[in-house]
K.L.:
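One structure, pasted below without further comment.
Reminder, nothing fancy here: chain letters follow the sequence lines and each chain counts from 1.
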Amino acid sequence: NAGVMQNPRHLVRRRGQEARLRCSPMKGHSHVYWYRQLPEEGLKFMVYLQKENIIDESGMPKERFSAEFPKEGPSILRIQQVVRGDSAAYFCASSPEDNSPLHFGNGTRLTVT
Amino acid sequence: GNSVTQMEGPVTLSEEAFLTINCTYTATGYPSLFWYVQYPGEGLQLLLKATKADDKGSNKGFEATYRKETTSFHLEKGSVQVSDSAVYFCVLSGNTPLVFGKGTRLSVIA
């Protein structure tokens, strides 16, 4: 049973470009969470999704950031018009149900130049 | 709202030393508590958990007891190894998405 798969592992974008981060949850998991980790800091919650639904996006910046978890395919975190402050590690986690322990992917490290 | 406060690092210990990483929480209701570990360049892994007061979670020689009276969930290990070097996160799960502490970096030297 493969774990949570994130790709790409590293992503470099110039200011103003778009970044797309993908996450395939563990088999049988229908809950997906995205977190952002800045250097030397803890994880900050961004968004919680179930299939085709955004359950909680209270941690998402109001502009430029969006997330989806379609019926088929991976969850996507999309950042439009990236800025240097978006440089961080973005982690996806999945669980089979609410309040279960989360299983994390290895993250996507975004660098904005 | 729910919050977690854990001791700041970095913590540097010699091999076989005793480890304590303090964690206290604020929460409404009856949350579950977790410790996650992040090894260099990797994602987070669940280390141990406790779901109710007085539960003791344990794994790989690490232990933590859920103490409701002191709202604490301190992580302990009797004898650390170099391979334990990582960042440790205290985490709370209630009626909101998981709340993470800022993490404590542990370095164990031979």
K.L.:
On the 0 to 90° scale, with breaks at 30° and 60°, tag the A:H31-A:Y33 ring pair as parallel, tilted or perpendicular.
P.N.:
parallel
K.L.:
Checking B:L44 against chain A: side chain, backbone, both or neither under 4.5 Å from a heavy atom?
P.N.:
both
K.L.:
Looking at B:K49, B:Q38, B:Q45, which makes the most heavy-atom pairs under 4.5 Å with chain A?
P.N.:
B:Q38
K.L.:
Does the B:W35 side chain pair with the main chain of B:F73, one donor and one acceptor, at a distance under 3.5 Å?
P.N.:
yes
K.L.:
A:I55 versus chain B, heavy atoms under 4.5 Å apart: side chain, backbone, both or neither?
P.N.:
neither
K.L.:
Let me know if B:Q6 has heavy atoms under 4.5 Å from chain A in its side chain, its backbone, both or neither.
P.N.:
neither
K.L.:
Once you measure the plane-to-plane angle for A:Y35 and A:F45, does it fall in the parallel (<30°), tilted (30-60°) or perpendicular (>60°) bin?
P.N.:
perpendicular
K.L.:
Mind telling me whether A:F104 and A:F91 have parallel, tilted or perpendicular rings, with 30° and 60° as the class edges?
P.N.:
perpendicular
K.L.:
Mind ranking A:Q6, A:R9, A:H103, A:K44 by heavy-atom pairs under 4.5 Å with chain B and telling me who comes out on top?
P.N.:
A:R9
K.L.:
Just say parallel, tilted or perpendicular for the rings of B:Y88 and B:F62, cut-offs at 30° and 60°.
P.N.:
tilted
